[in-house]
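Here the structure is a predicted model, which is why all the values come from computation and not from measurement.
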Amino acid sequence: MEQSLNETSKLIKKLANDRYTLYREVNQELSKGGIVLFGDSLAENFPINELYKGSKRILNRGIFGSTTYDVINRLDDIVNVLKPDTAIIWVGTNDFMPIVPHNTEIEVSKRIIQIADLIKMQSCTTKILILSLLPVNTSSHSKIYHEWLIGKDNDKLKNTNEKLEMLCIQKKYKFLDFFNLFCDKEKQLQLNYTIDGTHINFAAYKIIFNKLLPFLQ
């Protein structure tokens with residue numbers, strides 16, 4: 001079982017690196033500006049271009065399996081090349097996997113802020129928008145895929161959001177908190193908004209998009 005998980009992890013990492021290589025090459029062909037979404041699978045799965053009807057270009061650069069470390073390591077090839085008008089940062093949940101070092105709530109929240117700081121250092125006019133971590137559902141419902149949930153805990157996720165919000169206030173970064181919006185009475189991700197306990201469905205994405213829309217104008 002452990003060997004199978006290791007092989008799966010290696011495959012995910014390879015596919016993520018392949019996606020990153022593709023994006024790096026595509027970025028070289030694009031003009032500067034627009035909106036860039038950074039993050040993990042929650043960002044990658046976001047059908048933001050399909051929902052957005054405005055005139056600004058939106059590039060989704062979310063890559064599944066990403067941690068804050070991964071986003072930090074990839075920033076140069078995105079920010080230095082594209083100099084986005086707005087950067088949307090949505091990452092952090094995967095940092096709570098046991099294999100990720102330095103993954104206390106405050107450490108994760110500080111790395112998310114570090115991403116924003118690095119973007120501003122490379123592109124000082126870029127507006128920063130940070131999205132909260134979402135709750136997960138760890139119930140025994142048949143749709144829940146527990147392998148994705150290893151290390152993820154709603155208390156940790158909520159505490160991280162609270163620390164992240166305080167840091168955003170200090171740094172004057174805009175923070176949008178969706179955590180409670182998707183919690184049920186048991187403080188779990190609502191089943192009607194998730195496909196597997198970690199990832200969300202189209203109905204949830206539409207709610208998030210409508211909250212985001214004023215910042216995309």
- Kindly work out whether a path of hydrophobic side-chain contacts (I/L/V/M/F/W/Y, heavy atoms less than 4.5 Å apart) joins Val91 to Ile200.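 No.
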Residues forming a ring-ring contact (aromatic ring centres under 6.0 Å, His included) with [X], sequence neighbours excluded:
X	answer
Tyr193	Phe182
Phe178	none
Tyr145	Trp148

- Message: For Asn159, give me all partners under side chain to side chain contact (heavy atoms under 4.5 Å, CB included), at least two apart in sequence or on another chain.
- Response: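 For Asn159, the residues satisfying side chain to side chain contact (heavy atoms under 4.5 Å, CB included) (neighbours in sequence not counted) are Glu105, Glu162.
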- Query: Mind checking whether Val79 and Leu118 have side chains closer than 4.5 Å, heavy atoms only?
  - Reply: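 SC-SC contact between Val79 and Leu118 ruled out.
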- Message: Between His102 and Arg111, is there a side-chain heavy-atom distance shorter than 4.5 Å?
- Response: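 Yes, at least one pair of side-chain atoms sits under 4.5 Å.
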- Are any of the side-chain nitrogens in Asp85 or Lys56 under 4.0 Å away from the carboxylate oxygens of its partner?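 Looking at Lys56 together with Asp85, the answer is no, because their closest N to O distance does not fall below 4.0 Å.
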- Query: Can Thr198 and Asp196 be counted as having a side-chain donor-acceptor contact under 3.5 angstrom?
  - Reply: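 No donor-acceptor contact under 3.5 Å links the two side chains.
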- Message: Determine whether a donor-acceptor pair (N or O, by modelled atom type, separation under 3.5 Å) exists between the side chain of Asn60 and the backbone of Ile48.
- Response: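 The answer is no, because no donor-acceptor pair under 3.5 Å joins these two groups.
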Distance-only donor-acceptor hits, side chain of residues 204-217, under 3.5 Å, sequence neighbours excluded:
from, atom 1, to, atom 2, distance (Å)
Tyr205, OH, Leu42, O, 2.6
Asn210, ND2, Lys206, O, 3.2
Gln217, NE2, Leu213, O, 3.0

Can I get a per-line list of side-chain donor-acceptor pairs under 3.5 Å for residues 26-35, giving both atom names and the distance, sequence neighbours left out?
from, atom 1, to, atom 2, distance (Å)
Asn27, OD1, Arg61, NE, 3.1
Asn27, OD1, Arg61, NH2, 3.0
Asn27, ND2, Tyr23, O, 3.2
Asn27, ND2, Asp77, O, 3.2
Ser31, OG, Arg57, NH1, 3.4

- Message: Tell me if the NZ atom of Lys83 is crowded by more than 12 foreign heavy atoms within 6.0 Å.
- Response: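 Buried by this count: over 12 neighbours within 6.0 Å.
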